[in-house]
Protein chains: 2
Amino acid sequence: MTKSRVTVVDIAHAAGVSKSTVSLVLQASPLVNEQTRAKVNAAIRELGYVYNRGAANLRQTASSKIVGIVVNDLTNSFFAELAVGMDMVMQSAGFVQFLANTGESIDRQREVIASMREHGISGLIISPARGTEAADFKPLTASGVPVVVVVRNVAGAKVSSLLSDNRAGARAATEHLISLGHRRIAFLGGFADTAVSGERMQGYREALSAAGLDADASLVVNSAPSRAGGVAAIERAMLISERPTAALCFNDAVAFGVCDGLRARGLEPGRDFGVVGFDDVIEAQTAVPALTTVSVDPQGMGRRAAQMLLKQINSGRVEAEATIASVRLVVRQSCGAKTKTWDGGKTWDGGTSHDTAPGDTGSDTVGTDRRQHDRA
Amino acid sequence: MTKSRVTVVDIAHAAGVSKSTVSLVLQASPLVNEQTRAKVNAAIRELGYVYNRGAANLRQTASSKIVGIVVNDLTNSFFAELAVGMDMVMQSAGFVQFLANTGESIDRQREVIASMREHGISGLIISPARGTEAADFKPLTASGVPVVVVVRNVAGAKVSSLLSDNRAGARAATEHLISLGHRRIAFLGGFADTAVSGERMQGYREALSAAGLDADASLVVNSAPSRAGGVAAIERAMLISERPTAALCFNDAVAFGVCDGLRARGLEPGRDFGVVGFDDVIEAQTAVPALTTVSVDPQGMGRRAAQMLLKQINSGRVEAEATIASVRLVVRQSCGAKTKTWDGGKTWDGGTSHDTAPGDTGSDTVGTDRRQHDRA
DNA sequence: CTGTTAGCGCATTCAG
DNA sequence: CTGAATGCGCTAACAG
């Protein structure tokens with residue numbers, strides 16, 4: 001049953017024309033007679049012809065319409081949302097994407113990048129595994145393949161990057177807790193050795209010192225950026241001699257875990273203990289008034305990254321521009337006191353507009369979109 | 001800077017041999033002199049040569065080492081886990097995967113399948129969008145491309161499928177709630193028109209009638225299979241004249257929403273109201289004793305589906321075998337009474353072993369793995 | 001063991 | 001408007 005592939009010559013033969021005529025029909029060229037076109041199309045349908053992009057891409061002028069997407073942890077909803085955002089714009093641009101999950105393994109990452117290269121991707125978006133170095137992208141960029149790095153910065157890499165304003169977000173969130181009267185605010189979850197964690201911690205410390213509070217090191221509790229990690233972190237935090245009354249969580253997974261842990265002790269998050277989570281994917285998943293969050297809008301970020309990449313692919317020019325996306329502080333009623341007002345609905349350039357639920361949710365965009373151009 | 005691609009002839013020239021010798025080296029053929037091999041490899045490294053799979057696949061005997069993966073909602077953690085499982089085995093088998101998210105859009109699905117076909121995928125795994133018909137796979141299977149359908153069955157399609165035992169799982173879960181003394185048990189979430197929902201509902205009804213309880217239609221509350229949907233569902237369920245005391249939730253997202261809704265009314269899930277969720281991804285994400293769940297182990301299912309596909313690709317024979325994967329009922333302490341014991345750690349064939357947290361969690365495998373062979 | 005030759009399916013001149 | 005010729009990078013026969 002394995003039919004041998006039907007090719008242009010087959011349908012050319014069936015339609016009684018030559019292969020190049022068929023080729024012209026395939027590209028919707030106006031240079032071909034209407035009748036002929038109809039005959040050719042009929043033959044195509046009849047024989048079940050499928051265009052072979054592999055062959056087409058072989059021609060030197062062709063660009064592959066394939067991009068690579070590499071993600072460090074698809075299990076984390078944040079990155080899944082990110083991938084969905086990318087998928088959206090890639091699909092509408094007629095691209096298809098290789099997606100690979102590295103699970104933080106730098107070896108896997110190297111393998112998949114190599115593999116994608118062999119398959120002729122014309123661009124790459126990557127949320128790099130921990131420990132990724134600038135050299136890892138060198139082969140790509142050297143052969144003119146644009147690369148966009150998202151979420152985590154890679155020092156010294158001459159590639160475009162799209163990061164979120166972690167420092168400003170953490171600072172705003174911490175200030176929010178302070179404004180509610182909290183004085184002992186913990187920072188829970190994440191590992192100290194990552195850049196993202198470092199930036200968020202910095203914003204947290206800035207807010208504390210600006211308010212004249214001293215940053216007690218014991219208030220910082222590292223843990224895995226997962227729900228289980230959040231449980232562990234809040235449990236350790238509750239053992240601190242002078243207990244915190246609120247926490248900034250590295251992650252929304254951590255925030256969920258913290259809520260679990262609080263409830264296990266009979267405390268209601270938001271009412272008895274202030275909780276703010278980062279990396280908001282909750283917003284999209286639930287209408288429940290829950291935690292206050294610092295939303296980086298992963299899906300929007302994905303769309304934006306994809307657009308950055310497409311721009312470079314289409315222009316044929318690879319850039320190395322770092323852009324820092326602003327984040328939004330989304331305050332929900334459960335955190336008690338205050339409701340900030342929504343700033344008017346900022347949307348990503350070219351993206352679809354982002355709905356914000358009206359009513360008891362308000363948000364503030366914090367940080368500014370800024371770009372810094374590096375040149376070789 | 002856009003260097004023109006370096007090809008086999010270039011390195012053949014540099015190494016002072018012919019292209020076919022280079023080709024032999026690339027395939028690690030033993031037919032080539034050790035010295036020559038070294039020279040060739042040196043030239044490869046030197047000139048930064050990258051293998052061009054597009055060209056290689058052009059040869060008629062070649063198989064592309066590319067598979068397609070189509071998912072209906074990557075935003076749902078269940079499907080993200082599923083994709084991760086597939087990714088694992090595909091990567092280790094040296095395949096790269098096109099991943100596309102359809103978001104339940106059947107048009108998008110058609111587009112991406114067509115696109116993948118043009119790119120020469122040698123197999124497809126798909127969790128079909130609602131409304132997918134057997135005819136949608138016809139072009140693939142007709143050209144000898146194996147297809148594995150997961151999660152949702154597509155009636156009449158001559159493809160392999162891997163489904164979970166929804167009926168048995170729902171029945172076991174319901175029986176569990178009954179054994180805890182519940183008499184009014186609601187079925188919350190999901191849409192009545194989907195096959196998956198229908199199967200789960202059937203199991204639910206079976207358990208009720210086996211226990212001599214009548215299946216009050218008002219106890220079934222449909223809603224979106226999301227967290228927000230769960231909130232809505234429990235709110236409607238609480239308006240029923242004779243209130244339920246427990247619920248079987250279509251989804252774990254729904255289950256989470258139900259918990260949100262219960263807490264909003266001051267009820268603690270598990271203690272004041274029995275909650276069982278389906279589609280367990282929670283297990284992997286948290287160590288918190290939470291709901292009782294019916295776990296279909298999405299990641300393991302993904303691995304298994306990938307193995308099924310690879311088998312067909314490698315054997316060159318496309319099959320149409322339906323296999324129903326058994327599910328596990330995971331009972332956690334918070335559901336109150338009873339703790340069942342773990343059956344010994346069933347693992348998927350060839351998969352890595354699945355850790356089960358010891359301690360306060362027990363589980364039972366329900367349903368049996370069964371296969372039914374369809375032949376054309 | 002190594003070199004020669006001939007396509008794979010398609011797009012692109014260049015002539016009719 | 002259409003047909004014949006050429007090459008993309010690689011592999012598979014077949015000779016040396």
Counting primed atoms plus P, OP1 and OP2 as sugar-phosphate and everything else as base, spell out the protein contacts along nucleotides 1-9 of chain C at 4.0 Å heavy-atom distance: B, S or - for each nucleotide, 5' to 3'.
SBBB--BBB

I want to check something: taking the side chain as every heavy atom from C-beta on, are Arg53(B) and Ile66(B) in contact at a cut-off of under 4.5 Å?
no

Residue pair Phe137(A) / Thr132(A), side-chain heavy-atom distance below 4.5 Å
yes

Please state how far atom [atom1] in [X] lies from atom [atom2] in [N], giving the value in whole angstrom units.
| X | N | atom1 | atom2 | answer |
| --- | --- | --- | --- | --- |
| His13(A) | dA4(D) | NE2 | C1' | 17 Å |
| Gln27(A) | dA11(C) | CD | C1' | 7 Å |
| Glu118(A) | dC10(D) | CD | P | 10 Å |
| Ile11(B) | dT11(D) | CD1 | P | 11 Å |

Enter the distance from Asp73(A):CG to Ser105(A):OG here, rounded to the nearest 0.5 Å.
12.5 Å

Would you say Gln27(A) and Ser23(A) are linked by a side-chain donor-acceptor pair, where the criterion is simply a distance under 3.5 Å?
yes

Tested for side chain to side chain contact (heavy atoms under 4.5 Å, CB included) against Val70(B), the lone hit among Leu99(B), Ile125(B), Val112(B) is Val112(B)

Shortest non-hydrogen contact from Arg108(A) toward Asn101(A)
CD-O, 4.3 Å

